[in-house]
Amino acid sequence: MFNVCTRQVSDYTCCPGSAIQMTIPTLNNQVVESLEQYEDAISWINDTLSPPDSNLEDNLVDLNALDHEITQLLTALDIAAEDTSARLERIIDDVSRGIPRLAYDLHFMKDGASTLRNALVGVLQRSRDAVPKETNAALDNLHHLDTIKGRMEASREVLREAESWSTLEHEVTSLIVEKSYAKAADRLSEANKSMVVFQNTPEYDPRRTLMVNLQNQLEAALSTALVSAINSQDLAACRDYYSIFSTIQREPEFRNYYYASRRSSIISLWQNTPLIDCEPVITVSDNAPAYGFADFLAKFYAQFISVLNMERSSISSIFPDPSTTISQFISSTMTSLQPTVTQRLTSYSSYHGESALIHLISALRVTEEFAAGVDKIMEKIKYAASTPLSPLQPGVTSDKAKIHRRRSSRMSISLRPGQHRTSSSIMGNDKAVSDSVESMEWDQDLFQPFLDFQTDYGSLERRCLENSLFEIISNDTREKLQASDRPRLFRERAIDIFGIAENSMVRCNSFTYGYGSVGLVNALDGFFQSFFDTWTADIRTDSFGSSQIAKTSLTETDFSDLDYTAQDWANIQLSLHLLSSGRTVFDRLCSFEARLRAYLSQVAARFRLSLNDPSNFLVAATKGESQLLEQSTLNTAELHSLLTSVETDWTPRDTQFSASQRLQTQNAVHLEPLLESARKSLSVFAQACQTVTIKTILSPLQNHLSGYASSSVWISPADPTQTTSSNDLRVPTFSLSHSETIQRVAEGLLNLPRLFEVYADDDALAFSLETLPFVDPEMLQTLTEQTSDTSGQQSHRRRPSYVKPNAMDAEIVSSAWLISLGHTFLDHLTAEILPSIPSLSVAGAAQLASDLEYLSNIVRALNVEHNNLDKWKTLVSLDANDGARALSESSPGSPLDPVLERVAKLRGWR
């Protein structure tokens, strides 16, 4: 079926003509025309191919029928396309033929217009010539007389206005006495219009003074009645008084009267409610309850909202701009509070001290809830004022309302220079500007007192964290615990501080909406650093001498020859447990840093949405608060640099990753750490644990050397390299045995690898290898490559200090520790023991050279090469002549090598 239909379409295409039109039904034309009703071609195809009576639940499809319909549809589309193409070609041809004709028509019209203009000029000239000169002069005279008449009438009106000033004071005073306030206002308005006549004349100032005095008299006469009408909620009287005040240009005074009367209950509540955590303390009767500031603020805002709900209908009935009036009412109320909100917040913060941030967040949250309630009231007012003219406001035109809104817009603080404007305001939409001003004028006055504390968020957060850390430390009973409990206590306290740190991100978002991210990172970094430094100081000042760990099998079996006491084994295990706890804490730190990075990414995304669409995506709770934070000192280049760096880094999408997986992922992409100081402090903690471990491990070996420098062999006069026979014949010897002390030291060094075989599976040894003494990352990389080559595996890069070691990595860890132990021991030997030797005879020098040669071979087996040891070995082996030559070959004027200088002094070369 499909092949047949295809062949038919091919035949029809080859012979486009009447045959196709006869085979294609008329219904196809309707199908093609229906294409214009669809925006999506796929939807049109599905609807066209689906039969009208098809059942959606029926999964059986007749493929032959579908193929037939598709063939017909393709044919219809081909025909429609060809028809459309033909029509388009005809239209193009018609346009091409018509364009030259159009140019000719335009030229013809231009010629006709020129001819008409010349004809009109000729007609005008003939009409002028047809009028006699006497008639023309008479018309000019009449025009001159009409001009004089108009000017005389205008002068007469001006003179009448000026004459009316002589009776203005009497008339207005009489109207005020008669309580005809509206007429008095109209009379003053008319007189005010004539003030322009006296502009730049000596009469202007006296008349201006008279006008102001009469307006003051009218206002004073109205004030008592106005306050009474406002208190009694007489809307009709208030509306009339508003009209009078507007007529005499005293509208702001009317608003001041109204606002002062309506906010009295709110002001009284603010001033007379006793507070227990703010100053000054208000003395009231014993029965009056005292409030905390946060609880009182909720009560205060609740009454404020109640007043606004009552005023919503009243203000809409009196004022032509209810939204602006409500905004100004809120702003005037907030600025009239004594003590001010800023003073109360400062006292509130001082009262709570280190934990002030938590309480300030509570106060801010209550304020934001009040702002949300005000927004709802504003929306209701706007919906109610959607009609052009309210029936309760007769005679108040929309033009007047617009003028007032435009004046209040100029006075608003929200239009200061440098402020962000929406696209509607940039286009000059006055209504959008007015609505924006109305919505933010009160908003900014409401949140302005919090701004100083928000900009100081970093120090507030640090104080809060440090206070929490102090509470943890003060409740710590570590001195009453055994030493074995200290690693457990360190892990438990780490859990506590990370829990506290989690809350800091919530506080940052609640108080600054992410603008305090820089202060958050710095506060967390310092917080963790303080915690780690405290434990590091404890490790450095504590000798672990009070450890009561029980003996293990290690002290009684294979390692009894290592000269370790039970206390030494206890100290080694304790330091390793602390190191293991440090590794656990490091994993937690990396996990927390990943969550911190995710939070900062969310802040960056929210800022980007707000930047692209500020009207629909607000950073803070309201527009005013968002704008205050945007224009504050929190919005710095450092903040945007931090957010940009976080967004450019890779962030794991799967939040279910384990800490080790996240850590390996971060290491793989080389993310820059956010808490750099905390990481360094934790590395110092690990180094302190490693130092204690190394000190304990090397203590038996160092004890063997306690009497090494004072041995009598160093001053022995006999030359051990020569022996004398009975005939005084000197027979040379070819070797010299090393001393017993060095033998014991060498045995201890050779036993160290056995010690690390026992701890090979301990993850603590692999933590922070780069902080081991005399070990650096390059050395670790070299060990890794050497181990890989030895085992036949391909060289690869990794961070052995932070990755859990496998069988191969255990060899790297042991090698690193052995290198560190070897260098530390040799550094002690060459820096403290050998320089303490008082002098060296020839025999003593030979014995020392033998000891150092033997010791050098032993440490090479541990993969340790020590430059100073080699220098001591080489220099003490020299005779007097070679030693003098070495001294003479030293560069004149440059400092002498310390080892050469000391050996020369011991051997008496200088």
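It should be emphasised that the depicted structure is a prediction, and the values quoted were computed from it without experimental measurement.
Rounded to the nearest 0.5 Å, atoms OG (Ser645) and CG (Leu674) are 7.0 Å apart. Distance check: Glu625 CD to Tyr513 OH gives 5.0 Å after rounding to the nearest 0.5 Å. With values rounded to the nearest 0.5 angstrom, Lys376 atom NZ is found 14.0 Å from Leu308 atom CG. Atom-to-atom distance recorded for Gln454:CD and Gln448:CD is 9.5 Å, nearest 0.5 angstrom. The distance from the CG atom of Leu609 to the CZ atom of Arg606 is 9.5 Å, given to the nearest 0.5 Å. Atom OG of Ser246 and atom CZ of Phe254 lie 8.0 Å apart (nearest 0.5 Å).
At least one donor-acceptor pair under 3.5 Å links the side chain of Thr644 to the backbone N or O of His640. Looking only at distances, a side-chain donor or acceptor of Gln249 sits under 3.5 Å from a matching main-chain atom of Thr247. Between the Ser632 side chain and the Leu629 main chain, a donor and an acceptor come within less than 3.5 Å of each other. Using modelled atom types, no side-chain atom of Ser243 and backbone atom of Arg239 make a donor-acceptor pair closer than 3.5 Å.
Ring geometry for Phe108 against Tyr104 counts as parallel: the plane angle stays under 30°, on a 0 to 90° scale with 60° as the upper cut. Between Tyr242 and Phe319, the ring planes lie perpendicular to each other; the angle is over 60°, past the 30° to 60° tilted range.
For the pair Ser323 and Met378, the tightest heavy-atom approach, listed with the atom from each and the gap, is O-CE, 3.7 Å. Residues Gly519 and Tyr457 share a closest heavy-atom pair of C-CE2, 4.4 Å. When all heavy atoms are compared, the tightest approach of Leu364 to Ser510 is CD2-O, 3.7 Å. Pairing each heavy atom of Arg597 with each of Pro673, the nearest pair is NH2-CA, 4.4 Å. Looking at every heavy atom in both residues, Ala371 comes nearest to Leu446 through CB-CD2, 4.0 Å. Looking at every heavy atom in both residues, Cys508 comes nearest to Ser517 through SG-N, 4.0 Å.
Between Ser591 and Arg595, the side chains place a donor N or O and an acceptor N or O closer than 3.5 Å (distance only, hydrogens not considered). In this structure, a donor-acceptor pair under 3.5 Å is present between the side chains of Tyr258 and Glu311.
For the pair Ile381 and Ile315, the minimum side-chain heavy-atom distance is 4.5 Å or more. Two residues are said to be in side-chain contact when any heavy atoms from C-beta on lie closer than 4.5 Å; Leu634 and Leu639 fail this criterion. For the pair Leu120 and Leu124, the minimum side-chain heavy-atom distance is 4.5 Å or more. Counting heavy atoms from C-beta outward, Asp445 and Ile330 have side chains that stay 4.5 Å or more apart. The shortest distance between side-chain heavy atoms of Leu628 and Phe450 does not fall below 4.5 Å. A 4.5 Å side-chain heavy-atom check between Arg507 and Thr512 finds every atom pair outside the cut-off. A heavy-atom distance below 4.5 Å is found between the side chains of Leu596 and Met505. Counting heavy atoms from C-beta on, the side chains of Phe447 and Leu451 never come closer than 4.5 Å.
A side chain to side chain contact (heavy atoms under 4.5 Å, CB included) with Met334 is found for exactly one of Trp442, Phe304, Phe329, namely Phe304. Checked against Val374 for a side chain to side chain contact (heavy atoms under 4.5 Å, CB included), the options Thr622, Asp443, Ile305 give a single hit: Ile305.
For Ser626, the side-chain contact (heavy atoms from CB on, under 4.5 Å) partners are Leu618, Val619, Ala620, not counting sequence neighbours. Residues meeting the side-chain contact (heavy atoms from CB on, under 4.5 Å) test with Thr84, sequence neighbours left out: none. Among residues two or more places apart in sequence or in another chain, the side-chain contact (heavy atoms from CB on, under 4.5 Å) test is passed with Arg97 by Asp93, Asp94.
Within a 6.0 Å radius of CD1 in Ile42, other residues, nucleotides and ligands contribute 12 heavy atoms or fewer.
Between Glu379 and Lys382 there is no salt bridge, since none of the side-chain N atoms of the basic residue sits less than 4.0 Å from a carboxylate O of the acidic one.
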Q: Take Thr325 and Arg255 through the side chain to side chain donor-acceptor pair (under 3.5 Å) test and state the conclusion after the steps.
A: CA-CA 8 Å; Thr325 304; Arg255 293 177 180 272; 2.9 Å; yes

